[in-house]
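Structure record follows, encoded as structure tokens.
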Amino acid sequence: METSGWRAEFCRLTLTLAFLALILPGTAAMAATGNDARGEQLFTGSRAMTNGGSPCIACHALAGLGTAGRASYGPDLSELYADYEAEGVAAVLESLAFPSMEAIYANRPLTETERLDLTAFFARTAETQTLPTTSLAGLILLGVVIVFALVGLSGLRRFKGARRPLVEQARKERGVIQ
Amino acid sequence: MADMILFGVFPYVALALAIGVGIYRYGFDRYSWSSQSSQFLESKALFWGSIPWHYAILLILIAHFLAFLVPSSWGALLGSPLRLVFLEITGIALGLTTLIALAILIFRRIGNPRISAVTSKVDWLLFASLLLQVATGVYIAISLRWGGAWYVHTVSPWLWSLVKLNPQIDYLANLPGIVQLHAVNAFFLVAIFPFSRLVHVVSVPLGYLGRPYQVVIWYRQRRNDY
Amino acid sequence: MDIRAQVSSVFHLDKCIGCHTCSIACKNLWTDRRGNEYMWWNNVETKPGTGYPTKWEDQEKYNGGWELVGTQLRLKQGGKAGTIGKIFHNPDLPTIDDYYEPFTYKYEDLTNAPAAKDQPTARPVSMISGEPMKIEAGPNWDDDLSGSNVYAANDPGVIQLTEEEQQQLFAIEKMVMFHLPRICNHCMNAACVASCPSGAIYKRGEDGIVLINQDKCRGWRMCVSACPYKKTYYGWSSGKSEKCILCFPRQEAGEAPACFHSCVGRIRYLGVLLYDADKIEATAMKSDGELAAAQREMILDPFDPQVIAAAREGGLADQVIEAAQNSPVYKFVKQWGIALPLHPEFRTLPMLFYVPPLLPLLSVENNGTQKISDDFFTTLEQARLPLMYLAGLFAGGNQEEIKAVYRRLIAVRIQRRAASVGDLPEAELQNARELSGLDDAALDAIYRMTSLTRIKERIVIPPMLREQAIEAGMDPEEYKQGMGFGSRQAPKRRW
Ligand code: HEM
Ligand code: SF4
């Protein structure tokens, strides 16, 4: 159910971007350049958004960030820049009018510098488009195993009953019926 | 309208029940306030269920509360890809632990006739609801990554809006259904807390650490100076 | 000096006939509810035997009581933080299988069964789940040495004996056993009180009775494992722990506790002891063998003017001091020195004392008739029970304590033999008297207290001064159900 939700969103995103790409052909020329390093910090959340919006990494996958860049809540942004170029990206960052994002960004829009920085960052990472395929399942399961192992260790010296073992032992040793 | 009721009204109803009934029960039927330990009837499966369950659920609850209470610090904590991945792995592992442990506890209640005999209807409701909560939680954590991060900007402001008596249901209305279910069920648990064995959670006996071993109570005044 | 009064008891083991009347009186009064069927606040077990719950004395298994860690007294099950850490699952908690699964029979099948060729039977069913069950154990499963090759042979006290002593215990025609009635000891240094995370368990200042506040108990079940005597019980249905209350509502009304009142052998003595509460910790830290003597040391002479003055200063009423002066327990424990605490090495300073059993004379088979054995028991060497076994039970392994008590009991026996049959040489009586360290009057008093006294002398209940208690200010009409236990609803699970 929620999967189809993202798909719908993704379609909407694509459509919006296509639309913007059509009506805004001239804006690219006047684009100032952002700082891609700051853009990365904004994307990953190591630098907070001025207005308190969420870092993109929380929901969006992006190739080039390792495993952390494999968020799955929203659509994958790895090909965003390749598909829409700077002006398209900048435009979409301005409105962020997608249902899931609206609530977050409506009152906490990205500032202009932030948009530029992010766009620069997208431009830098446009080359890498394939996400890493390493799976976290192994580590997660290891975590679970560690928890249960610790529990097991903590209980090595727990009371295992007095009467039944006694009767069983006597039965074994002397063949007595209780 | 349904959204308003579920995300804007129900949480208040749940809290009112928790506080109102909780106070009533504590005041007028304190005898019933108990962990209802069943270890005396069955100890082995409880060991593998109760210990991982409690440690894991407490850590996860603490994480939820921290992300709600101090969202910016929590956000800063997750601000590096490495820390983000590490905390998410830890969280999912703990989540799976609660799921496995709860499964053990539930099978123990179904499979052991002694334990079934001391399980009330509310207990069953509680276990069903906890299972739903834990299962949806794990599912969300795995499939809607990274929950630890987006929680801060969706659920947390929603909870704060509830605190400020100005519920902004948009935050929740736009989240996937499974997250909504997780959130509503959380408040359902709050609602049944005062009716169930969950009351033991607020009786954590930390005062024990500070009191002397022996307790002596005098009915009459001790010295002859009255 | 911080003088406190405590209602304490003495059980005279030579008098117990093992009839279990006491257990039944208690059960009918206090523990006939669901979840309490398995509880015997008063139980009578056979020694040698593993008792109830099985092997309760083996603290290597159960981790009950206190231990000395360096110069610190610590609960054997762990310190305070350790206790909280184990709250989700208590690694030292016995389960119901170590007591027994309560059962009943489907009696209605006997009358409801349709006509058939076979006799209808009443199958046993569990009182917990209602399912048919195989009865593996029950109350007093090892009564009177039944199943002794499983139970008596594994008595923790027996296992420690030498091969020779064990043979002496179980030799055919010389087999010995005695009954050990047990209730809560209402200890001075109670482990259950110390272990309760909720602080629900307390000692009443006025009379020392240890109670569990049922409204404060949260079912963390730490007291069950902490009590080395296993005398707090977990109510598996109510989710509350319960224990012997020394029938305080009866005592407040001037009645003896039910087990005392109903005791057929009249083995039970009750009275006030005065002790110095400042000495509790130091005493509990003595070495195993010294504990019994050190505890006796704590008990104060109620006739000593200094003690009386300090007691008054501490708020004890004159009636209570007077009750302490008339206390048979004081006589047994302190004046005569013939009653010892059970397993003092658990360091809880139990306030129930036992007169160790001398046991009846041995009768032997003589051409088809019974005859009293020739070696009439007048010396320690002839004791029917290995002294080491008794020392393990009542003196933390210190045989000298047992010998001292036995010498006095033997002196009483010889004195009575001399008085009633007159076949013993005066020298033997003289010798026994000297060994015992008691004079004729004391020996006579022991004999009188043991066999001739009426209930008013055996059980001296101090006035509980209800009129000064807070409850007395409540209107009994208004607080009908609230009086006494303080709870107004039935003690069962409701939510
Ligand atoms: C910090 C505090 C907590 C403490 C000290 C605590 C302690 C306990 C104890 C002593 C038991 C009885 C175990 C037994 O049968 O012997 C118990 C059972 C239980 N607790 Fe907790 N608990 C805590 C927090 C929680 C939380 C946060 C939850 C869930 C949200 C929870 C859910 C449960 C459940 C469902 C059971 C029943 C387990 C079963 O018998 O199958 N507890 N708890
Ligand atoms: S009633 Fe008295 S004689 Fe009978 S078993 Fe109990 S203590 Fe012993």
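Predicted, not measured: the structure shown is a model, and the values here were computed from it. These numbers come from the heavy atoms of this one structure, side chains and all, not from hydrogens, waters or symmetry mates.
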Exam field: side chain C:D98 to backbone A:G161, donor-acceptor pair closer than 3.5 Å:
no
Which atoms of C:S146 come close to chain A, meaning under 4.5 Å heavy atom to heavy atom: side chain ones, backbone ones, both, or neither?
neither
Stepwise, does the side chain to side chain contact (heavy atoms under 4.5 Å, CB included) test hold for C:N63 with A:R157?
CA-CA 11 Å; C:N63 267 338; A:R157 228 217 72 94; 2.8 Å; yes
Could you tell me whether the side chain of C:L93 reaches within less than 4.5 Å of the side chain of A:R158, counting heavy atoms only?
no
More than 12 heavy atoms of other residues, nucleotides or ligands under 6.0 Å from CG of A:N51: is that the case?
yes
To the nearest 0.5 Å, what is the distance between CZ (A:F159) and OG1 (C:T95)?
7.0 Å
For C:K61, which atoms come within 4.5 Å of any heavy atom of chain A: side chain, backbone, both, or neither?
both
Measure C:Q77 against the heavy atoms of chain A and call it side chain, backbone, both or neither at under 4.5 Å.
neither
If one checks every heavy atom of C:Y100 against chain A at 4.5 Å, the contacting part turns out to be neither
Please give me the minimum heavy-atom distance between A:L166 and C:T54, naming the atom from each residue.
CD2-CG2, 3.7 Å
State the OH-CZ distance between C:Y52 and A:R163, to the nearest 0.5 angstrom.
12.5 Å
